[in-house]
Protein chains: 2
Amino acid sequence: MESSQGTVSQFTSNTIEVGTEQRIFNAALEVFSRKGKDGARMQEIADCAGINRALLHYYFRSKNKLYEAVFAHGFEQFINGLSQSLRSERSFESSLRTFVHGYMDYLCEHQDMARLMITECLSGGPVLESYLATAIAKREKLPGFLMEDRIRQAIEVGEIREVDSEHAMLTIVSACLFPFVALPTVRLFQPKAATDFEEFIAERKQHIVELILSGLRIP
Amino acid sequence: MESSQGTVSQFTSNTIEVGTEQRIFNAALEVFSRKGKDGARMQEIADCAGINRALLHYYFRSKNKLYEAVFAHGFEQFINGLSQSLRSERSFESSLRTFVHGYMDYLCEHQDMARLMITECLSGGPVLESYLATAIAKREKLPGFLMEDRIRQAIEVGEIREVDSEHAMLTIVSACLFPFVALPTVRLFQPKAATDFEEFIAERKQHIVELILSGLRIP
DNA sequence: GTCTATATCTCGATAGAC
DNA sequence: GTCTATCGAGATATAGAC
């Protein structure tokens with residue numbers, strides 16, 4: 001139980017010499033994110049990590065502990081990702097572009113984590129909610145809040161038209177995040193999402209920024 | 001089935017009496033939609049329906065059959081909901097408003113089904129995909145396709161500016177559907193979603209229609 | 001640290017009384 | 001149709017050899 005505490009925070013995306021604990025960690029994220037906490041099987045995680053089932057219990061005491069560890073790490077990463085880049089004062093257009101691109105870049109790199117949090121949400125999300133609740137206490141850390149403040153500020157200065165900043169923020173997040181949630185389905189409708197994912201994402205970023213900017217422009 | 005003339009049943013309410021099979025069905029939808037097919041427990045479904053576990057197997061042979069039945073029914077409902085109302089609209093604004101309001105009304109009434117399909121999506125969605133694939137064959141039945149055609153048509157006539165109709169459609173669906181997926185989280189950020197859900201939805205409909213219309217308006 | 005073997009428990013499914 | 005009791009498969013978790 002000590003071993004997980006000590007090393008979790010030092011995970012890197014280094015390709016050389018990936019340790020057992022991290023392989024377990026990655027595999028767990030992958031499986032949990034697709035099957036949910038209950039649906040996930042320890043055997044599948046072990047197979048995915050290329051090790052024995054018993055090792056899962058050696059590094060993380062139980063399935064519950066493993067899930068908690070995976071979730072906590074991903075959540076931390078999720079919050080800290082965007083916050084810095086949003087603080088600098090620039091035009092609203094520049095802020096929006098920064099947010100959309102940064103958010104979708106994160107989602108591309110951490111699709112597992114996105115699925116995991118959505119799965120949490122769907123199940124009523126007691127774990128996610130407790131994490132969010134404490135995060136909301138320190139309001140300034142959440143990228144979503146930063147961007148929403150930016151919207152309000154832009155309205156005051158007359159940079160964009162008057163809209164409900166909370167709904168606008170929700171719409172922006174939805175437009176960025178939902179395609180990842182529904183990816184298997186999206187692929188059926190938009191073949192490019194299957195054949196050339198990078199280009200699909202690039203197009204999507206541009207579409208969202210343009211649509212929102214145009215939608216918030218003062219008539 | 002049998003009419004109890006002499007006894008005043010304490011189970012009947014002012015609503016229409018709902019049979020055991022229907023109660024199982026509703027309970028299964030509720031549980032499957034939150035936990036996913038694997039994560040759901042037959043015991044929980046039975047508890048939720050207020051009956052014994054064995055009865056689940058009496059009405060539906062197995063967990064798999066039960067899931068299939070629930071999914072098939074919900075999916076059918078989902079497709080047929082909007083299609084008619086979309087064929088008869090004139091202006092693009094009117095079509096968009098019809099779609100957004102109709103779609104969100106459906107989602108409000110069938111939040112379980114929305115969750116179920118999202119859960120399917122997240123797990124790779126073989127069941128959903130097979131249903132969608134056959135539905136896509138008869139293209140004209142899907143409301144999403146109808147609306148996307150409507151966007152293309154509006155562009156040709158010069159009613160709205162030139163955009164990628166597929167991305168625009170995806171954005172509209174995202175804006176409508178995602179708030180239901182993330183409802184537990186949204187409630188933390190927008191208290192009104194918890195206290196006055198009806199008003200929150202009404203606001204949301206209006207916001208989406210206005211933002212998209214303004215976003216697609218010809219400069 | 002990593003494995004095999006096994007104990008323990010949970011869940012889906014069935015049998016049979018009423 | 002509905003219940004209680006139980007079986008058997010498969011899952012988590014532990015013990016112990018190496």
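Quick note on labels: first sequence line is chain A, next is B, and so on, each numbered from 1.
Residue A:T20 places at least one side-chain N or O closer than 4.0 Å to OP1 or OP2 of C:dT2. Distances shorter than 4.0 Å separate none of the side-chain N or O atoms of B:H57 from OP1 or OP2 on C:dT14.
As a whole-Å value, the separation of B:Y67 OH from C:dC11 P is 19 Å. We find that CZ of A:F60 is positioned 12 Å from P of C:dT2, with the value rounded to whole Å. Rounded to an integer number of Å, the gap from A:E21 CD to C:dG1 P is 9 Å. D:dA15 atom P lies 11 Å from atom CZ of A:R61, rounded to whole Å. Rounded to whole angstrom, the span from the OH atom of A:Y58 across to the C1' atom of D:dG16 amounts to 14 Å. Summarising the geometry, the separation between CD on B:Q43 and P on C:dT10 is reported as 12 Å, rounded to the nearest angstrom. Summarising the geometry, the separation between NZ on A:K63 and P on D:dG10 is reported as 16 Å, rounded to the nearest angstrom. The CZ-P distance, from A:R23 to C:dG1, rounds to 13 Å in whole Å.
Take A:E109 and apply the salt bridge (charged side-chain N to carboxylate O under 4.0 Å, His left out) test, not counting sequence neighbours, and it matches no residue. Not counting sequence neighbours, A:F178 has no partner by the ring pair (Phe, Tyr, Trp, His ring centres under 6.0 Å) test. B:D196 meets the side chain to side chain contact (heavy atoms under 4.5 Å, CB included) test with B:K192, B:E198, B:E199; sequence neighbours excluded. Among residues two or more places apart in sequence or in another chain, the salt bridge (charged side-chain N to carboxylate O under 4.0 Å, His left out) test is passed with A:D149 by A:R139, A:R152. In this structure, the salt bridge (charged side-chain N to carboxylate O under 4.0 Å, His left out) partners of A:R97, at least two apart in sequence or on a different chain, are A:E93.
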Chi angles and distances behind the ring-ring contact (aromatic ring centres under 6.0 Å, His included) call for B:F60, B:Y67 = CA-CA 9 Å; B:F60 307 83; B:Y67 182 79; over 10 Å; no
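Applying a 4.0 Å cut-off to non-hydrogen atoms, the residues of residues 44-56 of chain A that approach DNA chain D are A:R53, A:A54, listed by residue number.
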